[in-house]
Structure formats: structure tokens, C-alpha cells
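Notes to accompany the following structure.
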Amino acid sequence: MKLLHSIVVGAVLAATVAPAFAQEQFVALPSYRVGPYASGGSGFYGGIIDYFSLVNAAGGVNGVKIAWQECETEYNPSRGVECYERLKTQRGGATLVEPLSTSIAYGILDRIPQDKIPMTMLGYGRSDAANGKVFPYVFPLISSYWSQAAAMVKYLADKNGGSLKGKKIVHLYHDSAFGKEPLPVLEALAKQQGFELVKVPVAPPGSEQQAQWLQIRQARPDHVILWGWGVMNSVAIKTAQRNGFPREKILGVWWAGSEEDTVPSGDAAKGYTAMSFNTPGNYPVLDEIRTKLYKAGKGNLSDQARIGSVYHMRGVTAGILFVEAMRTAQEKFGKGKPVTGEQMRWGLEHLNIDAARQKAVGAANMFPPVKTSCEDHEGSGAVKVQQWDGKKWNAITPNWIVGDRALVKKLIDESSNKYAAEKNLKPACMP
């Protein structure tokens with residue numbers, strides 16, 4: 001098929017360790033498939049591995065097969081650091097790492113440039129790492145938390161006739177580095193636009209929130225931003241209903257916008273909205289995964305109903321970005337040869353996945369166009385809003401939304417330059 005030929009796809013054994021190849025590109029996956037955040041980790045890493053498997057069976061990236069190894073972190077920062085240290089020297093050395101955890105990403109942030117292993121943070125992590133002059137090996141791809149927070153405020157302002165002046169917004173957040181990450185943007189926008197920001201933390205994992213929703217009910221906010229993860233999300237949705245707070249006034253972070261958040265919430269979730277950097281729906285690449293992998297018994301997910309789910313689609317998106325970075329790096333450093341971590345960094349910094357390239361890989365409009373540079377390791381900053389209709393997610397914003405990019409850029413520069421001064425770094429673009 002044309003799609004198969006276009007992205008060089010196929011299948012491979014769906015194990016936690018890919019089989020050894022003479023020509024292989026090794027990716028470290030400090031993942032989590034057990035614990036309170038298992039649904040997110042299993043879906044996301046399952047999607048990455050499915051896409052890698054698809055590419056491998058048709059010959060890899062210009063003949064170079066992708067290898068990977070998982071290490072269970074249970075979303076625990078110290079275990080995440082241990083897994084990184086264990087994986088980074090495996091199979092000739094890791095050339096990419098993706099921890100899917102803001103706390104773990106912070107934990108290995110200073111090790112990454114020393115080891116010359118690029119780290120991606122797809123839709124999460126340290127937002128000011130978008131400045132590649134200061135963080136040359138870190139890539140908060142597609143959209144950072146700061147860009148998402150700015151887009152959230154823009155969307156809510158649009159819902160209120162273009163202004164939030166005099167409104168009250170509660171930030172109900174996972175009390176961790178993840179939950180606190182958007183605060184600089186939310187605080188700056190509250191001051192700029194004249195709305196009141198009320199911060200309500202929830203102790204992880206978030207299985208008890210009655211006190212927080214009592215506080216919210218007393219505050220009588222116009223909107224609640226649910227910045228949750230794992231079990232915290234369904235508990236929040238159901239507790240909001242019990243306290244009489246309208247679900248239509250809740251807007252979730254994209255890690256609070258999966259089937260694993262809404263299905264357990266039952267009728268309480270119908271009409272609930274959340275952010276997304278993927279457009280819900282089916283795509284040719286997902287059909288290829290079903291037919292080329294799962295029909296042959298080689299897919300990574302145990303539950304085939306999860307194919308194309310929110311978390312799985314995000315993993316497939318990550319896989320596409322990683323493979324495109326490999327392909328881009330090979331075009332500069334030599335086709336048909338594995339690239340080093342330094343060369344992979346260059347490939348990630350020169351991504352250009354436009355609409356035509358998305359169509360070629362069977363993912364047209366599945367995620368926003370991504371174009372990175374030294375000054376912009378994010379590459380997009382665009383998002384959509386999706387709504388749960390009781391059975392599935394539907395995009396309710398037809399176009400990609402971008403928040404106050406000037407404000408976000410200003411905060412990125414201020415924060416990253418402060419980090420550079422503290423670490424005695426001289427910001428500069430790498431060749």
C-alpha cells in the first residue's frame with residue numbers, strides 16, 4: 001500500500017525489549033504500566049511501540065531498525081532516575097529518552113546534556129525548555145504546559161464574549177511539579193486580564209477530594225481548570241456532580257481528557273470538556289496498526305478496544321515525531337546508518353512535519369503541524385478542545401487554538417535565562 005511504502009512500516013514482536021538488529025536505533029523508555037497512573041502509561045507507551053513496530057517490519061528507517069527497552073518507574077521520580085541511568089548505556093547507548101513524567105523529567109534534566117541524549121516531553125514537562133539555546137537536549141514537543149494554559153484562558157475568554165474581567169477561575173491541581181507547572185502563565189494572565197485565580201491543590205493520587213470541592217462550592221467560580229492525572233480526574237468529575245457543580249464549567253488539562261477519565265465517571269462526564277493536542281477520530285495509520293500488527297497478534301496493547309484511544313493516539317503521535325527526527329537526522333548525517341544522540345538532537349531541532357508530511361504518514365490533522373528550531377523546541381503550541389458525549393470524544397473547536405504566544409515567549413526567555421545564569425551556562429545554538 002502507498003501508506004505502508006510512505007512511512008516504511010510493518011510489525012515486530014510486541015515485547016518490552018525489541019529484538020536485536022545489526023543496524024538499530026536504541027530508544028530508552030522509562031515507562032509505567034502499574035500503579036495509579038498505569039492507564040496513561042500503558043496507552044502512551046503502547047502507542048509508541050506500536051508505531052515503532054509498524055516501521056520496523058517494513059525495513060525500519062532507511063533500513064535502520066528501531067530498538068527499545070522499557071523500565072518500570074511506577075511514575076516515581078527516584079525510580080525514574082534509576083531507570084534512566086540503567087537504560088542510557090544499554091544496546092550501545094540510548095539516543096532518545098521519553099519519561100512521560102514532569103517530575104522524572106526534572107530529575108534527569110541536568111544529566112541529559114552531559115550524556116548527550118535528547119529527552120522529549122510530549123505535551124508536558126518543563127515549559128521553558130522550549131528555548132533550545134539554554135536546553136539544547138530537551139524538547140517539549142507540540143505544546144508545553146505554558147502554551148496549553150494560555151490556550152485554555154483564550155478559549156474561556158472566547159466563551160465569555162472575549163473577556164474574563166471580573167471572573168473567577170479555580171485551578172484544581174495535582175499537588176506536584178506537574179500541577180504547579182502552569183502557574184506562572186495563569187498568574188500572569190490573571191493579572192493581565194483581570195480575573196481572580198483561586199489555587200486548590202489535591203494531594204496525589206487524588207482519590208479523596210470532598211474538602212476541595214466544598215472549597216470550590218463556597219468560592220462559586222465561573223470556571224474550574226482541572227489539572228489532574230490518573231484517578232484524580234474521575235474522582236473530580238464525580239465529586240463535582242455530587243456537589244452540584246456543572247460539568248460544563250470544568251475544563252480539563254489534556255492529561256484529564258482520556259477515556260480512562262470519563263468512562264469510570266459515567267453520566268457525570270457527559271458534556272465535560274478537556275484540552276487535546278490530537279484530533280479525535282480514526283486515521284489511516286491506526287488502520288495500518290490494526291491490520292498489520294493486531295491481526296497478526298503482534299500489537300502491544302492487551303485490550304484492542306484501546307487502539308486509537310486518547311492515550312494510544314498520543315503514543316502513536318510521539319512515535320511519528322521520533323521516527324521523523326531519525327529520518328531528518330539521517331538525511332544530514334547519512335541515510336541507512338543509526339544516528340548518535342547528538343545527531344538525533346539535531347534531527348529533533350529540525351523537524352518540519354507539515355500537512356503534506358502528516359498525510360504521507362497517514363496522520364493528516366491528527367496533531368498540529370510541527371516545525372522546530374533552536375529558538376523553538378516546542379514546534380507548535382497549538383491545541384484543540386474536545387468534549388465527551390457519553391461514548392466518545394469529539395473536537396468542538398474545528399481549528400487549532402493558540403494562546404498569547406508573546407506572553408509565553410516572554411516567560412520562557414525570562415525563566416530559561418535565569419536557569420542559564422544559575423548554572424553558569426552561555427545560551428547559544430548548537431551546530
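Starting from 1, each residue takes its place in the sequence as its number.
Between the side chain of T102 and the backbone N or O of A177 there is no donor-acceptor pair closer than 3.5 Å. For T279 (side chain) and N365 (main-chain N/O), a donor-acceptor pair under 3.5 Å exists by modelled atom type. No side-chain donor-acceptor contact under 3.5 Å links Q387 to the backbone of T273. For T95 (side chain) and G341 (main-chain N/O), no donor-acceptor pair under 3.5 Å exists by modelled atom type. A side-chain donor-acceptor contact under 3.5 Å links T73 to the backbone of S31. The backbone N or O of I412 lies less than 3.5 Å from no partner atom in the side chain of S415, so there is not a single donor-acceptor pair. In this structure, the side chain of N243 does not engage the main chain of F245 through any donor-acceptor pair within 3.5 Å. Remark: side-chain polar atoms of E98 are paired, donor with acceptor, to backbone N or O of L100 under 3.5 angstrom. Formation of a donor-acceptor pair under 3.5 Å by the Q212 side chain with backbone atoms of P201 is found in this model. Side-chain N or O atoms of T340 include one that pairs as donor or acceptor with a backbone N or O of Q343 at under 3.5 Å.
Using modelled atom types, one finds no donor on one side chain facing an acceptor on the other under 3.5 Å when comparing Q358 with Y283. Inspection of the D115 and Y137 side chains reveals no N or O donor paired with an N or O acceptor under 3.5 Å. With hydrogens and angles left out, the side-chain atoms of W255 and Y37 include no donor and acceptor closer than 3.5 Å. Side-chain contact check for N278 and T317: at least one donor-acceptor pair (N or O, by modelled atom type) lies under 3.5 Å. Donor-acceptor pairing under 3.5 Å is lacking for the side chains of S143 and Q148. Donor-acceptor pairing under 3.5 Å is lacking for the side chains of Y272 and D261.
For the pair V383/W254, a side-chain contact is recorded, criterion being any heavy-atom separation below 4.5 Å from C-beta on. Looking at F52 and V323, their side chains come closer than 4.5 Å, going by heavy atoms from C-beta outward. Within the 4.5 Å cutoff, side-chain heavy atoms of L348 are placed close to those of L96. In this structure the side chain of Y419 never reaches within 4.5 angstrom of the side chain of N131, judged on heavy atoms. Within the 4.5 Å cutoff, no side-chain heavy atoms of I112 are placed close to those of F135. Annotation: side chain of Y32 is not in contact with side chain of V34 (no heavy-atom distance under 4.5 Å). Contact of the E85 side chain with the R111 side chain is registered, since non-hydrogen atoms from C-beta on lie closer than 4.5 Å. Considering only heavy atoms from C-beta on, Y311 stays 4.5 Å or farther from E259 through its side chain.
Atoms NZ and CD1, from K199 and I225 in turn, are 12.5 Å apart once rounded to the nearest 0.5 Å. Distance CZ/F322 to CZ/R327: 15.5 Å, rounded to 0.5 Å. Put simply, CG on D50 and OH on Y45 are 15.0 Å apart, with the number rounded to the nearest 0.5 Å. Annotation: the span from F333 atom CZ to M344 atom CE amounts to 11.0 Å, rounded to 0.5 Å. Distance check, rounded to the nearest 0.5 Å: NE2 of H377 to OG of S416 gives 11.5 Å. Taken from NZ in K384 to CG in N399, the straight-line distance is 7.0 Å, to the nearest 0.5 Å.
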Would N282 and D287 satisfy side-chain contact (heavy atoms from CB on, under 4.5 Å), going step by step from the backbone distance to the final call?
CA-CA 8 Å; N282 196 41; D287 287 335; 2.9 Å; yes
Please report the C-alpha distance between E72 and C83 in whole Å, then the side-chain angles of each, then the deciding distance to 0.1 Å, and finally whether the side-chain contact (heavy atoms from CB on, under 4.5 Å) criterion is met.
CA-CA 7 Å; E72 179 60 54; C83 279; 5.8 Å; no
Dump the intermediate steps for side-chain contact (heavy atoms from CB on, under 4.5 Å) on N352 and K371, then the final yes or no.
CA-CA 4 Å; N352 186 14; K371 186 174 183 179; 3.9 Å; yes
What's the verdict on side-chain contact (heavy atoms from CB on, under 4.5 Å) for F195 and D222, showing C-alpha distance, side-chain angles and the deciding distance?
CA-CA 10 Å; F195 64 85; D222 298 281; over 6 Å; no
I would like to know whether D354 and R357 meet salt bridge (Lys or Arg N to Asp or Glu O under 4.0 Å); could you show each step before the answer?
CA-CA 5 Å; D354 58 13; R357 188 57 191 161; over 6 Å; no
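Applying the 6.0 Å contact sphere to NZ of K154 captures no more than 12 heavy atoms from other residues, nucleotides or ligands.
Under 4.0 Å is where a charged nitrogen must lie from a carboxylate oxygen, and between E342 and R345 no such pair does. A salt bridge links D389 with K392: at least one charged nitrogen is closer than 4.0 Å to a carboxylate oxygen. Salt bridge annotation for R306-E260: present, with a cationic side-chain nitrogen under 4.0 angstrom from a carboxylate oxygen. Salt-bridge formation is not detected for the pair E378/K409: no Lys NZ or Arg NE/NH1/NH2 atom is positioned less than 4.0 Å from an Asp or Glu carboxylate oxygen.
Nearest heavy atom pair, residue H350 against residue T328, reads O-CG2, 3.6 Å. Contact detail for Q241 and D267: the closest heavy-atom pair is NE2-C, 4.4 Å. Between W68 and S53, the shortest heavy-atom distance links the atoms CH2-OG, 3.8 Å. Taking every heavy atom of both residues into account, Q23 and K337 meet most closely at NE2-CA, 4.1 Å. For S380 against D376, the heavy-atom pair with the smallest separation is N-OD2, 4.4 Å. Considering all non-hydrogen atoms of both residues, G271 and R247 come closest at C-CG, 4.1 Å.
Under the side chain to side chain contact (heavy atoms under 4.5 Å, CB included) test applied with Y51, the options L286, N300, V285, I66 reduce to a single match, V285.
Using cut-offs of 30° and 60° on the angle between ring planes, the pair W229 and Y75 is tilted.
The cationic group of K270 does not satisfy the cation-pi geometry with W388, failing either the under 6.0 Å distance to the six-membered ring centre or the 45° limit from the ring axis.
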